[in-house]
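Note sheet for the following structure.
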Amino acid sequence: MKKKRKKVGRPPAWLWYPILFFLRVYYRLRYGVRFFRDFSDGIHGPALIVAPHTAIQDPFFIGMAVFPRRPNYVVSAHLLARRKTRGVLRLCHVIPKTMFSADPRTVLGIRRALSAGNTVVLFPEGRLPCFGRSVPLAAGTAELIRRMGVDVYTVTNNGAHLTFPKWAKKARRGRIDVRTSRLFRAEELSALSPRETERRLNAALFHDDEAAMQGVVYKCRDMTAGVDGILYRCPGCLRELTLSARGGHIRCDCGLDATLSNEYRLHGVRFPTLGAWYRWQEEVLDTSIPLTSRVLVGTPDDRGIMREGIGEGVATLDSSLFSFEGTVNGEPLAFCLPVEKIGGLPITVSRFFDIYYRNRLYYLSPLPDPRIAVKWVSFLDKVHAEANRSALLSAADAAGTAPL
């Protein structure tokens, strides 16, 4: 007889409910969190929640938005490699995902959770963006949703990035609007074409914190501390890694002195927002010139615990290939990955970016200044954008029409 599969659990009620009760009161009073729901019948039975990734705190906001449901979250496998988080995550029955690669175990975990009547939360972007604006969704998300055949909801946490910037150590007080809506009913999914499913999914998940929360005041003692972890190029002299950010100012020794208001508006520079500055950096990147750097390496040990600084080597990225050659744990390691197989480079700002090889996670910290890690992220994003643009132009040319 076949062994019966163990039922997929949910976060334990004794842990989940007290934490959410405390956080709902705390976040509302301290950070101005408000909840909005555009449907009245609640979430019942198995369901999928797809959400843009705006801040590390997203799982808590989603948990509060869908209370009393106790969702299973699909999370990056790297979180289970951290001592401080792996125990709690396992207790909460998260579903691990190897980022930007086919992972049948993840699909199986989602199916099992839905079969148990659970709610499953996906972050289809696959990473937390640096600047509070959407990045392309992971390939295959729309098809996965269609195959699951359950109700699909969205939860968007507008203002979460501005409150908890990825590049900052300190939070700021302002406002967060958590909006929950139904995207698809189960019965309509089978009737939708893959293209229409993807179109509606992209439209529903697009977010831009700077636009959505324009005019809201966010209070912090130092609005700029840490922003030089994502702004690496000076628009005045065009040099890299010359910016310093503190005391509300972003300065370069060429004389540039920009300030950031409590409404997240820039002054003293030609860009109105941090997002505009970040996008300009990507626009001026020349992807015909490869990136190369010596890097320190981290990777999980045999017990799955991340070990940083246990290797060193040289990483190179051009418009077609990522490569690494060096040593890890005293053993030689060399590999190459086509860029079309790398959906994106998740980053820990000012420290390292993530890369996966044969489903193994590696932290790569560029030397001598790890702040330049963000350039690697932008380089790959631009390569993908250029490839997608070329594909659209080719398709439009074949059809004899102009691209949208």
Side-chain angles (χ1 to χ4, degrees), residues 19-37 51-65 67 128-134 155-180 206-232 234-235 243-252 256-281 347-351 371 374:
I19 286 177
L20 289 192
F21 177 79
F22 168 78
L23 289 180
R24 188 178 183 104
V25 174
Y26 174 75
Y27 281 137
R28 182 174 182 83
L29 294 177
R30 184 166 181 80
Y31 299 116
V33 178
R34 307 184 302 176
F35 293 89
F36 304 88
R37 179 185 286 182
H53 207 353
T54 57
I56 294 175
Q57 292 77 7
D58 285 341
F60 296 119
F61 295 133
I62 293 171
M64 289 182 274
F67 187 89
L128 177 58
C130 294
F131 54 97
R133 194 171 190 262
S134 292
V155 179
T156 302
N157 307 315
N158 288 322
H161 167 79
L162 300 182
T163 301
F164 306 102
K166 184 179 176 70
W167 43 266
K169 292 183 178 180
K170 299 290 186 180
R172 48 263 357 239
R173 302 176 67 174
R175 199 179 84 216
I176 301 174
D177 293 342
V178 182
R179 300 186 179 277
T180 308
F206 178 80
H207 71 282
D208 184 339
D209 254 21
E210 290 173 332
M213 309 305 285
Q214 187 172 349
V216 177
V217 173
Y218 289 84
K219 298 178 181 179
C220 179
R221 186 171 298 175
D222 188 349
M223 288 291 290
T224 59
V227 77
D228 51 349
I230 64 167
L231 301 179
Y232 66 89
C234 173
L243 297 170
S244 63
R246 58 180 176 271
H249 291 259
I250 307 169
R251 295 187 173 100
C252 175
L256 180 136
D257 186 355
T259 58
L260 183 66
S261 74
N262 290 94
E263 295 181 353
Y264 276 98
R265 307 300 290 182
L266 285 167
H267 302 279
V269 70
R270 66 178 183 268
F271 311 112
T273 63
L274 297 176
W277 190 334
Y278 185 98
R279 291 189 289 277
W280 166 79
Q281 292 178 152
I347 184 178
T348 298
V349 173
S350 297
R351 293 186 62 194
R371 288 183 302 165
V374 71

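Keep in mind that what you see is a predicted model, and the values were worked out from it rather than measured. Each residue takes its place number in the sequence, starting with 1.
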Minimum heavy-atom distance between I347 and K166, given as atom pair plus value: O-NZ, 2.7 Å

Is the backbone N or O of H161 less than 3.5 Å from a side-chain atom of D209, with the two atoms forming a donor-acceptor pair by type? yes

How many angstroms lie between CG in L266 and OG in S261, if you round to the nearest 0.5 Å? 8.0 Å

F61 ring center near Y27 ring center (under 6.0 Å): yes

State the CG-SG distance between L231 and C130, to the nearest 0.5 angstrom. 10.0 Å

Could you grab the distance from atom CD1 of I19 to atom CE of M64, nearest 0.5 Å is fine? 11.0 Å

Short question: side chain of T273, backbone of A276 - any donor-acceptor pair under 3.5 Å? yes

Please lay out, stage by stage, how T259 and H267 fare under the test side-chain hydrogen bond (donor to acceptor under 3.5 Å, both in side chains). CA-CA 5 Å; T259 58; H267 302 279; 5.6 Å; no

Closest non-hydrogen atom pair between L256 and P235, with its separation: CD1-CG, 3.7 Å

Residues in side chain to side chain contact (heavy atoms under 4.5 Å, CB included) contact with R172, at least two apart in sequence or another chain: P165, W167, A168, Y218, C220, M223, Y264

Show your reasoning for whether side chain to side chain contact (heavy atoms under 4.5 Å, CB included) applies to F36 and D177. CA-CA 7 Å; F36 304 88; D177 293 342; 3.9 Å; yes

Please evaluate residues V349 and V374 with respect to the criterion side chain to side chain contact (heavy atoms under 4.5 Å, CB included), reporting the C-alpha separation (whole Å), side-chain torsions for both, the decisive distance (0.1 Å), and the verdict. CA-CA 7 Å; V349 173; V374 71; over 6 Å; no

List for me each residue that meets ring-ring contact (aromatic ring centres under 6.0 Å, His included) alongside F67, sequence neighbours excluded, and say none if there are none. Y17

F21 CZ: over 12 foreign heavy atoms closer than 6.0 Å: no

Kindly give the heavy-atom pair with the smallest separation between T224 and L260, and that separation in Å. CG2-CB, 3.6 Å

Spacing of CZ belonging to R251 relative to NE2 belonging to H249, to within rounding of 0.5 Å: 4.5 Å

Nearest heavy atoms of R175 and T163, plus distance in Å: O-OG1, 4.1 Å

Worked check of side chain to side chain contact (heavy atoms under 4.5 Å, CB included) between Y232 and R371: CA-CA 7 Å; Y232 66 89; R371 288 183 302 165; over 6 Å; no

Only counting residues at least two apart or in another chain, list the ones meeting salt bridge (Lys or Arg N to Asp or Glu O under 4.0 Å) with D222. none

T54 and H207, any side-chain heavy atoms less than 4.5 Å apart: yes

Using the side chain to side chain contact (heavy atoms under 4.5 Å, CB included) definition, which of the options V155, T156, N157 pairs with D58? N157

Which distance, rounded to the nearest 0.5 Å, do you find between the CZ of F60 and the CZ of F22? 11.0 Å

Test: R173 cationic atom under 6.0 Å from Y31 six-membered ring centre, within 45° of axis: no

Rounded at 0.5 Å granularity, tell me how far CZ in F131 sits from CG in L162. 12.5 Å

Which atom names give the shortest non-hydrogen contact between L128 and A55, and what distance separates them? CD1-N, 3.5 Å

Would you name the heavy atoms of S350 and G229 that are closest together and state the gap between them? OG-CA, 3.3 Å

For W277, does the six-membered ring have the charged nitrogen or CZ of R270 within the cation-pi criterion, i.e. under 6.0 angstrom from the centroid and within 45° of the normal? no

Side chain of E210, backbone of G275: donor and acceptor closer than 3.5 Å? yes

Side chain to side chain contact (heavy atoms under 4.5 Å, CB included) between F164 and I176, worked out: CA-CA 10 Å; F164 306 102; I176 301 174; 3.9 Å; yes

Hey, is CZ on R28 packed in by over 12 heavy atoms from elsewhere, all under 6.0 Å? no

Counting only N and O atoms by type, is there a donor-acceptor contact under 3.5 Å from the side chain of R37 to the main-chain atoms of A65? yes

